[in-house]
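Quick notes on the structure that follows.
Predicted model, so just to flag it, every value in this text is computed and none were measured. Every heavy atom of this structure was used, including side-chain atoms; hydrogens, water molecules and symmetry mates were not.
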Amino acid sequence: MDNVKNILEILQVRYPEHLTETQRQDPFKTLIGCILSQRTRDQNSEKASMNLFNEATTPQDILCLSEDELHNLIRCSGFYRQKAKYITGTCKTLIDHHEGRVPDTREELLKLPGVGPKTADIVLIYAYGEETVPVDVHISRVTRRLGIASTDADPETVKKHLNQSIPKHQSLLYDRAILQIGKDYCRKAAPRCPECPLNKECKIVGL
DNA sequence: AACTCGGGGCA
DNA sequence: TGCCCAGAGTT
């Protein structure tokens, strides 16, 4: 936990672009974009988001699209039939129970189809500025390798450790920076420890 | 706990 | 070609 302060200094040097983002994002676009990004590479999910939001920017817009139209717009994100069901189901729930708006509580977000713990956290942190940390496979892996959480820690335990370790009002910055480390260096397969900016803080360099 | 969904990028 | 990817729902 005490090495987290050092990690921030290192990340400020290596990933300044991730430490300057302050603007809140539109909750609805954040929510739908997050569903599209599940188990999908950034470039593909961003392309799908652009395709979709170019045609529809509200729940009502999306529900006006035919099934084939929606499929074709988001096809490149993968899992597109399943995601289309999640998105239409979520849009209907938003209209029926939330006046067409995205709820700002975890409890209500988790009731939406296609919204699990990670997607709920991402909406809360990116759209509503809540101080929490989305724990996904990358964050979890980097955290375990750095020794911030034990190797067999479940997602809730990882989240608790991170929430205790990360300075207030910086969870978004940490999320983005640690995730980028996970993609660029601390990869699941073939980690690039020699080039990793965190290798001095890491408990298992070279493993 | 195991299984399913999936197109696209990369070696 | 084979392998993998900011998860969530179902059985």
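No donor-acceptor pair under 3.5 Å is formed between the side chain of Asn44(A) and the backbone N or O of Arg41(A). Judged purely by atom type and a 3.5 angstrom limit, Lys83(A) uses its side chain to pair as donor or acceptor with the backbone of Leu36(A). A donor-acceptor pair under 3.5 Å is formed between the side chain of Gln38(A) and the backbone N or O of Gly114(A).
Nearest to the side-chain atoms of Ser37(A) among the listed nucleotides dA8(C), dG7(B), dA6(C) stands dA6(C). Out of dA6(C), dG7(C), dC5(C), the shortest distance to the side chain of Lys188(A) is found at dC5(C). Closest to the side chain of Gln82(A), out of dC5(B), dA6(C), dA8(C), is dC5(B).
Checked against side-chain hydrogen bond (donor to acceptor under 3.5 Å, both in side chains), Ser45(A) has no partners two or more places apart in sequence or in another chain.
If you measure from atom CG of Leu179(A) to atom P of dC5(C), you get 13 Å, rounded to the nearest angstrom. Glu46(A) has its CD atom 16 Å from the P atom of dG8(B), to the nearest Å. Look at NE2 on His138(A): it is 13 Å from P on dC4(C), rounded to the nearest Å. Rounded to an integer number of Å, the gap from Asn44(A) CG to dC10(B) C1' is 12 Å. Atom pair Asp184(A):CG and dA6(C):P shows a separation of 11 Å (rounding to whole Å applied). Atom P of nucleotide dA8(C) and atom CG of Leu31(A) are separated by 11 Å, given to the nearest angstrom. Summarising the geometry, the separation between CZ on Arg41(A) and C1' on dC5(C) is reported as 5 Å, rounded to the nearest angstrom. One can place CZ of Arg75(A) at 10 Å from C1' of dG6(B), the figure rounded to the nearest angstrom.
Of the residues in residues 101-120 of chain A, not one places a heavy atom less than 4.0 Å from an atom of DNA chain B.
Listed by chain and number, the hydrophobic cluster partners of Leu63(A) are Ile95(A), where partners are ILVMFWY side chains within reach of under 4.5 Å, directly or through others.
Of the C1' atoms belonging to dG6(B) and dG2(C), the separation is 15 Å, rounded to the nearest Å. Between dA6(C) and dA1(B), the distance separating the two P atoms is 24 Å to the nearest Å.
If you check the side chains of Arg101(A) and His98(A), you find no donor sitting under 3.5 Å from an acceptor.
Map Lys47(A) and Arg39(A) each onto its nearest nucleotide of DNA chain B; the residue landing nearer the 5' end is Arg39(A). Along DNA chain C, the nucleotide nearest Arg141(A) and the nucleotide nearest Gln38(A) are compared for position; the residue whose nucleotide lies closer to the 5' end is Arg141(A).
Contact check for Leu162(A) versus Ile139(A): side-chain heavy atoms found under the 4.5 Å cut-off.
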